Amino acid sequence: MEAVQRNTLSQQVLEKIIHLLMEGQLNPGDKLPSEMTLMHQFDVSRPVLREALSSLETLEIVSRRPRGGTFINSKVGSSPFMAMLSLSINNVPAVIEARMTLELGLVTIAAEKISSEQLDKLQDTITKLEAKKDNDYGHIDKEFHRIIAHSADNPVVEGMIDSLLISHEKTNSLIPFREKNKTLQHHKNIFSALEAHNPVKAFQEMYNHLSDVRDKILQHTSEY
């Protein structure tokens, strides 16, 4: 393992580990060396290393076991989208665009395939959102998008959905202010398009929703 420069941050350590995985020098199921060994090999401090490992754990690339060490997850080899997301997790515009790319494709397929049961579940999230008295509704929003993604019912894109949900959490955490009524209306519009099994309308309504989220986040981040 090559040492990284002293002036780098945890993101570069994360990228080093991902590259080792992608190059086959690390494999699913492998146990990573100890913290002290990794600190020496990458030439970084313990806080930098731990931040990188924490990010890898959030992305489900590694699992840390108490007193057992850190292991590459066995499913990583079949989740290349997760690995690619981890390389760009702090590139906010790229993460937003990746989320839009995935969701806009999924919602059009969902419009053709969504079942009555799944529509009922979507309606339930809308009812819960409508009943919320505060702006703490991120988990409801995530469930709404999760149901749509799974209703596309395509095994090829199954590996993308976990990445989609992680990118959702990333973008959700960056929204500077929430407008529950606007979100609620967006969800209702998307639901109506899905209920009518109209892929074009579903695409348009999802785009309206996600572009609003994008504008809020990018406007906020550009101020810093």
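Small disclaimer: the values here were computed from a predicted structure and weren't measured.
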Check: Does the pair Asn73 and Val62 meet the rule for a side-chain contact (heavy atoms from CB on, under 4.5 Å), with working shown?
Finding: CA-CA 5 Å; Asn73 284 336; Val62 304; 5.6 Å; no
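- Here the OG1-CD1 distance, from Thr70 to Ile61, works out to 13.5 Å after rounding to the nearest 0.5 Å.
- Put simply, CZ on Phe203 and CG on Leu104 are 4.5 Å apart, with the number rounded to the nearest 0.5 Å.
- Here the straight-line distance linking atom CG of Leu210 with atom CD1 of Ile96 works out to 10.0 Å at 0.5 Å rounding.
- Heavy atoms only, all atoms of each residue included: Val107 and Leu194 are closest at O-CD2, 3.8 Å.
- Shown here are the side chain to side chain contact (heavy atoms under 4.5 Å, CB included) partners of Asp134, two or more places apart in sequence or in another chain: Lys132, Asp136.
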Note to self: side-chain contact (heavy atoms from CB on, under 4.5 Å) for Asp212 and Lys182? Distances and angles first, verdict last.
What the structure shows: CA-CA 10 Å; Asp212 182 64; Lys182 179 182 271 192; 3.3 Å; yes
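- Checked against side chain to side chain contact (heavy atoms under 4.5 Å, CB included), Phe71 has the following partners two or more places apart in sequence or in another chain: Lys31, Arg65.
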Item checked: Derivation and outcome, salt bridge (Lys or Arg N to Asp or Glu O under 4.0 Å), residues Arg214 and Glu97 -> CA-CA 8 Å; Arg214 176 180 60 183; Glu97 289 176 0; 5.5 Å; no
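- Taking Thr37 as the reference, Ser34 meet the side-chain hydrogen bond (donor to acceptor under 3.5 Å, both in side chains) condition, with sequence neighbours excluded.
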Note to self: For a side-chain contact (heavy atoms from CB on, under 4.5 Å) check, start with the C-alpha distance between Arg178 and Lys216, then their side-chain angles and the critical distance, and finish with the verdict.
What the structure shows: CA-CA 9 Å; Arg178 299 190 181 281; Lys216 284 180 185 175; 5.9 Å; no
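- Looking at Gln185 and Asn189, their side chains do bring a donor and an acceptor atom within 3.5 Å of each other.
- Rounding to the nearest 0.5 angstrom, the gap separating the NE2 atom in His186 from the CG atom in Asp141 is 11.5 Å.
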Next item on the list: Would you sort out whether His145 and His150 count as a ring-ring contact (aromatic ring centres under 6.0 Å, His included), showing the intermediate values?
Entry: CA-CA 9 Å; His145 290 274; His150 281 286; over 10 Å; no
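- Qualifying side chain to side chain contact (heavy atoms under 4.5 Å, CB included) partners for Asn27, counting only residues two or more places apart in sequence or in other chains: Asp30.
- At a threshold of 4.0 Å, the pair Glu143-Lys121 does not count as salt-bridged, since none of the basic side-chain nitrogens sits closer than that to a carboxylate oxygen.
- The CD1 atom of Ile148 sits 10.0 Å away from atom CZ of Phe191, with the distance rounded to the nearest 0.5 Å.
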Checklist line | side-chain contact (heavy atoms from CB on, under 4.5 Å) assessment of Ile190 paired with Phe144 | finding: CA-CA 10 Å; Ile190 294 167; Phe144 178 85; 4.0 Å; yes
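- Side chains of Val48 and Phe42 form no contact here, defined as non-hydrogen atoms less than 4.5 Å apart.
- Among all heavy-atom pairs drawn from Leu38 and Pro33, the shortest one is CD1-O, 3.5 Å.
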Next item on the list: For salt bridge (Lys or Arg N to Asp or Glu O under 4.0 Å), just list the numbers for Lys180 and Glu130, CA-CA rounded to whole Å, side-chain angles, deciding distance to a tenth of an Å, and then say yes or no.
Entry: CA-CA 8 Å; Lys180 194 195 87 168; Glu130 203 160 20; over 6 Å; no
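- Annotation for Ile72 and Pro28: closest pair CG2-CA, 3.7 Å, computed over non-hydrogen atoms.
- Sorted by first and then second residue, the pairs that involve residues 105-117 and meet side chain to side chain donor-acceptor pair (under 3.5 Å), not counting sequence neighbours, are Ser115-Gln118.
- If you chain together hydrophobic residues whose side chains sit under 4.5 Å apart, Tyr207 and Val200 never meet in one group.
- Sorted by first and then second residue, the salt bridge (Lys or Arg N to Asp or Glu O under 4.0 Å) pairs involving residues 194-206 (not counting sequence neighbours) are Lys201-Glu205.
- Of the inter-residue distances, the one linking Leu26 atom CG with Leu20 atom CG reads 5.0 Å to the nearest 0.5 angstrom.
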